[in-house]
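Structure record follows, encoded as structure tokens.
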Amino acid sequence: MIGYLILAVYLVLINGIAFAMFAIDKTAAIRGEWRVSEGTLLFLAMIGGSVGAIVAQRRLRHKTRKEPFRSTLYCLILLQLGGLAYLCVNGMPPALARVISSFK
């Protein structure tokens with residue numbers, strides 16, 4: 001049970017960080033200052049911050065037309081949804097279950 005709590009806390013934190021980095025990049029773009037790299041923004045989405053990235057993209061109107069960034073972000077989300085669908089249909093692979101249960 002504690003493994004799932006840790007996972008939930010991680011997802012909340014990584015999505016908050018992703019949103020914040022989009023906001024920082026948007027502010028820097030307006031001011032003409034140093035920018036957060038697209039690689040960093042996509043990495044944050046890839047490691048679980050995709051919801052925060054999409055919310056920030058929509059809310060802040062940032063990187064909504066930038067290609068290939070936008071397509072790459074949506075591909076990451078599709079892959080994550082595919083992984084979630086796999087877990088829902090087939091259950092958690094034993095190796096992943098061991099990792100999550102090791103946090104107990």
Side-chain angles (χ1 to χ4, degrees):
M1 185 63 146
I2 193 144
Y4 291 111
L5 177 62
I6 291 171
L7 180 61
V9 169
Y10 170 78
L11 289 173
V12 168
L13 287 174
I14 196 64
N15 279 286
I17 291 168
F19 187 95
M21 293 303 284
F22 268 78
I24 289 167
D25 189 51
K26 172 76 175 196
T27 302
I30 291 169
R31 294 180 179 169
E33 297 174 349
W34 171 86
R35 304 280 303 275
V36 177
S37 73
E38 289 183 354
T40 298
L41 296 174
L42 289 171
F43 178 74
L44 289 168
M46 182 181 71
I47 62 171
S50 55
V51 172
I54 290 295
V55 170
Q57 191 181 43
R58 302 288 173 126
R59 275 273 198 226
L60 304 173
R61 294 186 180 139
H62 188 51
K63 297 211 178 274
T64 55
R65 297 183 306 195
K66 177 85 173 173
E67 288 295 348
F69 181 87
R70 185 176 66 138
S71 297
T72 304
L73 179 59
Y74 285 112
C75 283
L76 282 172
I77 292 167
L78 286 175
L79 287 171
Q80 290 171 343
L81 288 173
L84 183 60
Y86 175 86
L87 291 176
C88 288
V89 171
N90 298 310
M92 194 174 305
L96 182 57
R98 282 192 300 274
V99 169
I100 290 175
S101 67
S102 71
F103 290 110
K104 291 181 181 178

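Just so it is clear, the values below take in all heavy atoms, side chains as well, and ignore hydrogens, waters and symmetry mates. Keep in mind that what you see is a predicted model, and the values were worked out from it rather than measured. Residues: numbered from 1 along the sequence shown.
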### Summary
With S50 as partner, the option from L78, I77, L79, L44 fulfilling side-chain contact (heavy atoms from CB on, under 4.5 Å) is I77
Hey, is the main chain of [Y] close enough, under 3.5 Å, to the side chain of [X] for a donor-acceptor pair?
X   : Y   : value
K26 : H62 : no
N15 : G48 : yes
Q57 : R70 : no

Taking the side chain as C-beta and beyond, is there a heavy-atom pair between [X] and [Y] under 4.5 Å?
X   : Y   : result
E38 : T72 : no
L42 : S37 : no
R98 : P94 : yes

Are [X] and [Y] joined in one hydrophobic group, where the rule is that I, L, V, M, F, W and Y side chains link up if heavy atoms are under 4.5 Å apart?
X   : Y   : result
I14 : L7  : yes
L84 : Y10 : no
F22 : W34 : yes
I47 : I24 : yes
L81 : Y74 : yes

### Query
Minimum heavy-atom separation for A18 to G49, with atom names?
CB-O, 3.5 Å
### Query
Can you name the nearest heavy-atom pair linking P93 to L87, along with the distance?
CD-CD2, 3.5 Å
### Summary
Rounded to the nearest 0.5 angstrom, the CG-CZ distance for L41 and R35 is 8.5 Å
### Task
Verify the neighbour count for atom CZ of R59: are there more than 12 heavy atoms of other residues, nucleotides or ligands below 6.0 Å?
no
### Task
Give the intermediate values and the outcome of side-chain contact (heavy atoms from CB on, under 4.5 Å) for residues D25 and K63.
CA-CA 10 Å; D25 189 51; K63 297 211 178 274; 3.4 Å; yes
